[in-house]
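One structure is given below, encoded as structure tokens.
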Amino acid sequence: MNPLIATVTAAPIRIGYFAGIYPRATDTFIQREIHGLRARGFDVRTFSVRRSGTDHDVSDDIRAEKRNTFFLLPVNPLRLLAENVRQLLGAPLRYLGALRLAWTTSRDGVRGRLYQLFYFQEAVMLAVELRRQRIAHLHNHLGDASGTVTLLACRMADISYSVTFHGPHIFFDPLHWALREKVRHAQFTVCISHYCRSQMMLFTDQSDWSRFAIVHCGIDPARYAYATPRDTARKLLYTGRLAAEKGLPVLFESLGRLKARGYDVELTLVGDGPDRGALEVLAQQLGIKERVVFAGFCGQDEVLARLHESDMLLLPSFAEGVPVSLMEAMACGLPVIASYVGGVVELVEHMRTGLMVHAGDVNSLEAAIAQYLDDTQLRRRVSQQGREKVAAEFNINAEVDKLAALFRQHAGAGCR
């Protein structure tokens with residue numbers, strides 16, 4: 001047979017993507033991967049434990065993904081019982097093997113065992129759907145609770161799986177999340193940075209390290225028009241969750257100090273999260289309420305518009321992976337300030353592609369912001385070099401090519 005004809009007529013590889021909550025406004029890195037794989041001929045189906053709230057419906061793409069995603073919850077209890085019986089009678093060794101794996105990877109104590117029972121039941125429903133849709137391989141992002149469901153469901157369904165680990169949260173309690181076992185049974189493991197890989201090596205067996213692959217989250221530089229920084233700067237931007245690990249109280253205190261020094265600056269926060277209420281109170285207490293805008297979740301087009309109208313992006317986090325928000329800003333030519341944490345240093349090089357500050361250090365952050373405000377040439381220099389860095393090393397097209405090669409090699413291999 002002509003190999004070209006065989007390539008054209010071959011059925012596409014059917015991959016499943018699974019997450020705990022999908023799609024979310026903050027899941028752009030997952031959505032870009034999925035779109036890229038589909039453009040490369042993969043049949044990608046999406047699965048999630050539960051659907052995101054309506055506050056995440058910020059674009060047509062997210063609404064379309066939500067319509068086409070299979071959600072495990074809510075579930076009819078009678079159907080769940082029936083599926084357990086059907087799985088046990090139809091493939092007793094796989095069912096009992098998964099149940100044993102759930103027990104051995106659970107956290108100690110009643111609470112740990114109870115949660116693992118919930119994950120096992122979710123895995124039963126996922127395994128049923130994976131077989132019904134004839135999924136050849138399942139991929140999970142983050143590796144936390146949804147990674148546990150992935151591990152158990154693929155054991156029951158007897159299909160291969162892989163996980164993309166990001167950090168930093170999962171490294172806070174690696175035993176609880178059974179990283180060693182998830183890596184051992186995976187066909188391959190994706191790490192988003194060298195830092196992430198080093199942490200995974202710390203908590204897993206050396207015999208499994210050869211199956212670690214570094215695949216960055218990325219962006220399409222062509223979508224982000226470059227703009228040279230303006231002569232004067234006053235509009236500051238933060239994009240991300242409003243949560244404790246992001247260090248936003250430190251940023252607010254820095255703004256209060258800059259205001260006292262006579263700097264005229266305004267901060268816009270794009271995103272939402274559990275700390276929003278506390279941050280609104282803090283802005284009032286520090287006397288910067290009129291200079292802080294809480295914009296909430298935004299679609300990608302609006303985020304892009306916010307980037308182009310801003311003068312710098314700030315990410316004063318206490319813990320991070322390699323933030324996509326930094327990549328987007330740098331691609332637009334926006335000077336960035338970030339903390340020396342996690343894999344950030346693999347993206348932001350101090351005084352070359354941005355400014356780096358010590359996490360939690362108000363003095364360091366205040367000084368860096370003032371340095372940008374006072375030095376137009378510095379902002380323009382890091383702007384150009386930042387764009388070049390992202391285009392060369394964090395291009396989603398190159399990263400999806402890496403993933404596609406891994407899926408072609410491992411899909412359909414069966415559970416390890």
Side-chain angles (χ1 to χ4, degrees), residues 23-40 58-62 65 166 192-193 215-231 233-241 267-271 293 295-315 317 320-338 343-349 352-356 372 376 378-403:
R24 298 180 296 179
T26 53
D27 285 337
T28 53
F29 54 91
I30 301 178
Q31 295 158 31
R32 287 170 184 153
E33 280 186 10
I34 291 172
H35 293 162
L37 290 167
R38 286 170 177 162
R40 286 159 177 77
V58 295
S59 69
D60 290 340
D61 284 344
I62 288 180
E65 281 292 287
H166 296 245
I192 65 164
S193 66
V215 180
H216 296 128
C217 297
I219 59 138
D220 180 2
R223 189 177 184 278
Y224 297 85
Y226 176 80
T228 301
R230 291 173 278 271
D231 291 339
R234 68 173 302 272
K235 291 189 175 183
L236 283 52
L237 181 67
Y238 165 86
T239 62
R241 294 181 68 243
L267 171 66
T268 297
L269 303 170
V270 172
V293 177
F297 288 127
C298 297
Q300 279 298 289
D301 290 341
E302 186 175 351
V303 170
L304 186 57
R306 297 273 187 182
L307 289 169
H308 282 139
E309 68 186 23
S310 301
D311 297 306
M312 67 184 77
L313 182 126
L314 312 171
L315 194 63
S317 302
E320 280 290 351
V322 185
V324 174
S325 61
L326 288 176
M327 300 175 200
E328 294 173 337
M330 292 164 70
C332 290
L334 205 60
V336 300
I337 300 175
V344 176
V345 295
E346 298 173 38
L347 174 63
V348 184
E349 303 169 58
R352 183 176 179 274
T353 64
L355 296 182
M356 298 290 286
Y372 270 160
T376 301
L378 172 62
R379 286 189 289 113
R380 288 178 176 170
R381 185 169 68 252
V382 302
S383 164
Q384 181 63 47
Q385 292 171 160
R387 165 78 180 196
E388 293 170 356
K389 174 80 171 183
V390 170
E393 300 180 27
F394 295 89
N395 189 313
I396 188 64
N397 297 305
E399 302 308 311
V400 172
D401 282 342
K402 297 176 188 177
L403 267 181

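With no hydrogens or angles considered, no side-chain donor-acceptor pair links R380 and S383 at under 3.5 Å. Using modelled atom types and a 3.5 Å distance limit, the side chains of S325 and Y238 yield no donor-acceptor pair.
For the pair G386 and T353, the tightest heavy-atom approach, listed with the atom from each and the gap, is CA-CB, 3.9 Å. Among all heavy-atom pairs drawn from S193 and V322, the shortest one is CB-CG2, 3.5 Å. Shown here for A225 and H308, the closest heavy-atom pair between the two residues is O-NE2, 2.9 Å. Between P323 and L315, the shortest heavy-atom distance links the atoms CG-CD2, 3.3 Å. Pairing each heavy atom of C217 with each of I192, the nearest pair is SG-CG2, 4.0 Å. Nearest heavy-atom pair, G333 versus Y226, reported as atom, atom and distance to 0.1 Å: CA-CE1, 3.3 Å.
No donor-acceptor distance shorter than 3.5 angstrom exists from the side chain of Y372 to the backbone of L378, with no hydrogens or angles considered. Panel note: side chain H216, backbone E393; a donor-acceptor pair is recorded below 3.5 Å. The backbone N or O of V293 lies less than 3.5 Å from no partner atom in the side chain of T268, so there is not a single donor-acceptor pair. Between the side chain of R387 and the main chain of M330, no donor-acceptor pair closer than 3.5 Å is present. Judged purely by atom type and a 3.5 angstrom limit, Q31 uses its side chain to pair as donor or acceptor with the backbone of R24.
Checked options R230, R234, K235; the residue passing with D311 is R230 (criterion: salt bridge (charged side-chain N to carboxylate O under 4.0 Å, His left out)). Remark: of the listed residues L355, T239, L269, L236, L236 is the sole one forming a side chain to side chain contact (heavy atoms under 4.5 Å, CB included) with L314.
Using a 4.0 Å cut-off between a side-chain N of Lys or Arg and a carboxylate O of Asp or Glu, D301 and R223 qualify as a salt bridge.
Counting only heavy atoms from C-beta outward, the side chains of R32 and V400 never approach each other to under 4.5 Å. The closest side-chain heavy-atom distance from E65 to I34 is below 4.5 Å. Residues M356 and V344 form a side-chain contact, since some pair of their non-hydrogen atoms from C-beta on lies under 4.5 Å apart. Counting only heavy atoms from C-beta outward, the side chains of V270 and L237 approach each other to under 4.5 Å.
To the nearest 0.5 Å, atom CZ of residue R379 and atom OG1 of residue T228 are 11.0 Å apart. The distance from the OG1 atom of T28 to the CD atom of E33 is 10.5 Å, given to the nearest 0.5 Å. With rounding to the nearest 0.5 angstrom, the CG atom of D231 is 6.0 Å from the OG1 atom of T376. Atom OG1 of residue T26 and atom CD1 of residue I62 lie 8.5 Å apart, to the nearest 0.5 angstrom. Here the straight-line distance linking atom CD of E302 with atom CZ of R306 works out to 5.0 Å at 0.5 Å rounding. In this structure, the separation between CG on L347 and CZ on F394 is 5.0 Å, given to the nearest 0.5 Å.
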Point to revise | Verdict with reasoning, L304 to C332, per side-chain contact (heavy atoms from CB on, under 4.5 Å) | key: CA-CA 8 Å; L304 186 57; C332 290; 3.7 Å; yes
Exercise for review: Applying side-chain contact (heavy atoms from CB on, under 4.5 Å), run through D401 and R40 and close with a yes or a no.
Suggested key: CA-CA 9 Å; D401 282 342; R40 286 159 177 77; 2.7 Å; yes
Practice item. Could you walk me through whether V390 and I219 pass the side-chain contact (heavy atoms from CB on, under 4.5 Å) test, one step at a time? Key: CA-CA 8 Å; V390 170; I219 59 138; 3.6 Å; yes
